Student: 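Structure below; questions to follow.
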2 protein chains.
Amino acid sequence: MLSRRFLQNRCTTLTDAEHLAIDGAVSQVITIGQRKTISQAGERLTKSTLLVEGFMCRYIDDRKGLRQLVAMHVPGDFVDLHGYPLKWLDHDVATLTQAVIAEVPHAALDRILDDQPALAKKLWFSTLMDAAAHRAWLFRLGRLDAMGRIAHFLCEMNARLQAVGLSDGHGFALGITQYDLSEACGLTSIHVNRVLKQLREEGLCTFRGQYCEIHDAAALAKRGQFDAGYLYLGSDQT
Amino acid sequence: MLSRRFLQNRCTTLTDAEHLAIDGAVSQVITIGQRKTISQAGERLTKSTLLVEGFMCRYIDDRKGLRQLVAMHVPGDFVDLHGYPLKWLDHDVATLTQAVIAEVPHAALDRILDDQPALAKKLWFSTLMDAAAHRAWLFRLGRLDAMGRIAHFLCEMNARLQAVGLSDGHGFALGITQYDLSEACGLTSIHVNRVLKQLREEGLCTFRGQYCEIHDAAALAKRGQFDAGYLYLGSDQT
DNA sequence: CGAACGTTTGAGATGACTCAAGCGTTGTGG
DNA sequence: CCACAACGCTTGAGTCATCTCAAACGTTCG
């Protein structure tokens with residue numbers, strides 16, 4: 001059951017019937033290679049994407065083609081559910097690693113909206129969790145220095161991956177490069193490299209290859225002024 | 001009719017019955033002084049706020065009490081509708097200027113959700129417009145220099161105020177200080193001051209006192225890499 | 001074996017910050 | 001009615017974080 005994982009990190013109170021409704025709304029499950037764009041800004045959308053496996057991101061291009069990541073997605077996320085009410089998106093959606101996704105046609109969501117207001121509200125809730133994450137990212141970019149930003153980002157990833165069982169709290173695989181990190185944190189990849197070295201030397205964490213090891217979660221959270229509240233883990237609909 | 005203005009800038013296709021439903025959901029209309037906090041992060045919420053007149057903002061505090069604005073609100077905005085599905089917010093909500101607000105109890109929204117799925121979807125849409133604005137702000141903070149950030153911010157305000165008839169495209173009143181601007185753009189107020197001077201000297205715009213005059217909208221938009229698409233003006237539900 | 005990619009390091013430039021001070025306006029109390 | 005405090009705006013000088021340009025290294029893959 002696909003949706004067992006979906007909303008495990010999003011809404012903890014889905015009923016069995018609701019799980020079935022979401023599973024039933026999926027039209028197909030497909031595998032996509034790494035670094036593929038699955039939808040572009042402005043494109044008319046007729047379906048949304050549930051991420052089953054792998055990592056995805058959403059980003060905005062600047063005039064020179066440089067990207068600003070605006071969201072990271074981990075398995076269980078309803079990546080572009082925003083595209084359902086909005087009809088088209090203001091940003092691009094792409095895979096970072098190879099990914100398995102489930103496609104949900106908007107027509108199926110229409111039916112849920114009409115018939116199951118309680119489930120509709122949970123889907124709405126899920127999109128607002130994304131908005132809360134956006135706000136935390138704004139805080140990160142607006143108020144933290146380079147080291148704080150990276151610390152904050154890694155704390156977020158650790159917490160979110162823990163929520164879906166992909167981190168044990170001490171480390172996790174994240175298939176992204178230092179360049180991706182720089183796009184998420186509004187820095188150059190060169191500076192990211194130096195900051196990662198510093199985080200390593202100060203015993204906070206080691207980000208190397210595809211793996212990030214957290215040596216001192218408390219110190220990392222402090223350095224990044226990280227407070228997991230905005231992730232709304234396990235706090236829906238109660 | 002309060003909601004005539006609400007969703008004028010949010011959803012252009014509200015039916016008369018829907019306007020009535022929203023007006024009927026308002027429990028009271030009150031006036032609040034400038035710089036008053038109306039709700040704090042973590043607080044349990046039972047109502048949401050429709051901004052009728054004046055300016056409001058949402059912000060996140062850092063450890064030292066410095067603020068990062070995450071949203072600006074103009075008349076017509078459903079300021080903290082996010083608080084309805086989320087139940088509590090990850091940020092504070094406050095007035096900037098004196099403001100007139102209409103309060104909408106969440107119980108009344110529950111009824112709309114159950115009875116009027118089409119209207120519910122429009123409310124959902126409205127919160128996703130806020131999320132889209134968050135993303136544009138992320139782009140602003142992550143990819144633009146100080147001058148670009150301020151140019152982008154002022155373009156956004158100009159466009160949004162135009163949508164509610166509070167700007168003619170060449171200037172608008174915005175009751176905020178240079179310090180507020182710095183909190184929105186992730187800069188110090190001193191640097192904001194220097195950048196405003198430069199914008200003035202280059203003939204792009206004059207931000208002075210409570211008024212912002214746009215001298216060259218096209219050049220300002222170019223400098224801030226501003227594209228109004230993310231505001232979804234007049235593009236809902238069609 | 002060579003190309004592509006991601007990472008690492010160095011040196012120098014620069015945009016934004018900090019600290020410090022002064023100015024103008026508004027509002028208030030003696 | 002004046003004195004003064006509070007606030008917002010303005011400017012200067014010096015510092016520092018981050019960026020840019022440049023180069024080299026290791027791994028992977030064809």
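The figures that follow rest on heavy atoms only: side chains count, while hydrogens, waters and symmetry mates do not. Computed from a predicted structure; not experimentally measured. Labels below follow one simple rule: chain letters A, B, ... track the order of the sequence lines, proteins then strands, and each chain is numbered from 1.
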Student: Mind checking whether B:Y230 and B:F139 have side chains closer than 4.5 Å, heavy atoms only?
Tutor: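 In short, these two side chains do not touch, never coming nearer than 4.5 Å.
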
Student: If an axis is fit to five pairs at each end of the helix from C:dC1-D:dG30 to C:dG30-D:dC1, what is the angle between the two, to the nearest 10°?
Tutor: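 One end axis against the other gives 30°.
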
Student: Name all residues meeting the side chain to side chain donor-acceptor pair (under 3.5 Å) criterion together with B:H170; count only those two or more places apart in sequence or in a different chain, and write none if there are none.
Tutor: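 Expected list: none.
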
Student: Provide the start and end nucleotides, 5' to 3', of the part of DNA chain C that has atoms under 4.0 Å from heavy atoms of chain B.
Tutor: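 Contacts span C:dA16 to C:dA20, reading 5' to 3'.
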
Student: Using a 4.0 Å heavy-atom cut-off, write out nucleotides 25-30 of chain D from 5' to 3' as B (base contacted by protein), S (sugar-phosphate only) or - (no contact).
Tutor: ------

Student: Without swapping roles, check the side chain of B:D80 against the backbone of B:T49 for a donor-acceptor pair under 3.5 Å.
Tutor: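 Indeed, once roles are kept as given, a pair shorter than 3.5 Å links the two residues.
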
Student: Keeping B:D62 on the side-chain end and B:G65 on the backbone end, is there a donor-acceptor pair under 3.5 Å?
Tutor: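 Side chain of B:D62 to backbone of B:G65, a donor-acceptor pair under 3.5 Å: yes, one is there.
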
Student: Ring-plane angle category for B:H152 and B:F226, please: parallel below 30°, perpendicular beyond 60°, tilted otherwise.
Tutor: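 B:H152 and B:F226: perpendicular rings.
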
Student: Considering every strand and a 4.0 Å limit on heavy-atom distances, what is the contact class for A:G186: base, sugar-phosphate, or nothing?
Tutor: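 Sugar-phosphate only.
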
Student: Does a donor on one side chain and an acceptor on the other come within less than 3.5 Å for B:D130 and B:T127?
Tutor: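 There is no such pair between these side chains.
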
Student: I'd like to know if the side chain of B:T95 and the backbone of B:R35 have a donor-acceptor N/O pair within less than 3.5 Å.
Tutor: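 Flag set: sc B:T95 to bb B:R35 pair under 3.5 Å.
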
Student: Under a 3.5 Å threshold, yes or no: a donor from one side chain and an acceptor from the other, between B:S167 and B:N158?
Tutor: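 Judged by distance alone, the side chains do pair up.
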
Student: Using distance alone, with no hydrogens and no angle criterion, decide if B:Q28 and B:E103 have a side-chain donor and acceptor under 3.5 Å apart.
Tutor: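 Result is yes, a qualifying pair exists.
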
Student: Side chains of A:H215 and A:T206: do they bring a donor and an acceptor to under 3.5 Å?
Tutor: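 The answer is yes; a qualifying pair exists.
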
Student: Do any pairs count as a salt bridge (Lys or Arg N to Asp or Glu O under 4.0 Å) and have a residue in residues 141-156 of chain B, sequence neighbours left out, and if so which ones?
Tutor: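 Passing the test, one end in residues 141-156 of chain B: B:R140-B:E156, B:D145-B:R223, B:E156-B:R160.
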
Student: Dump every N/O contact between nucleotides 6-14 of chain D and the protein below 3.5 Å, one line per pair.
Tutor:
| unit_1 | atom_1 | unit_2 | atom_2 | d |
| --- | --- | --- | --- | --- |
| D:dC9 | OP2 | B:Q178 | N | 3.0 |
| D:dT10 | OP2 | B:Q178 | NE2 | 2.8 |
| D:dT10 | OP2 | B:N193 | ND2 | 2.7 |
| D:dT10 | O5' | B:N193 | ND2 | 3.3 |
| D:dT11 | OP2 | B:K197 | NZ | 3.4 |
| D:dG12 | N7 | B:R194 | NH1 | 3.1 |
| D:dG12 | O6 | B:R194 | NH2 | 3.1 |
| D:dA13 | N6 | B:R194 | NH2 | 3.2 |

Student: Under a 3.5 Å distance rule, please check whether B:R63 uses its side chain to pair with a backbone N or O of A:K222 as donor and acceptor.
Tutor: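 Confirmed, B:R63 side chain pairs with A:K222 backbone.
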
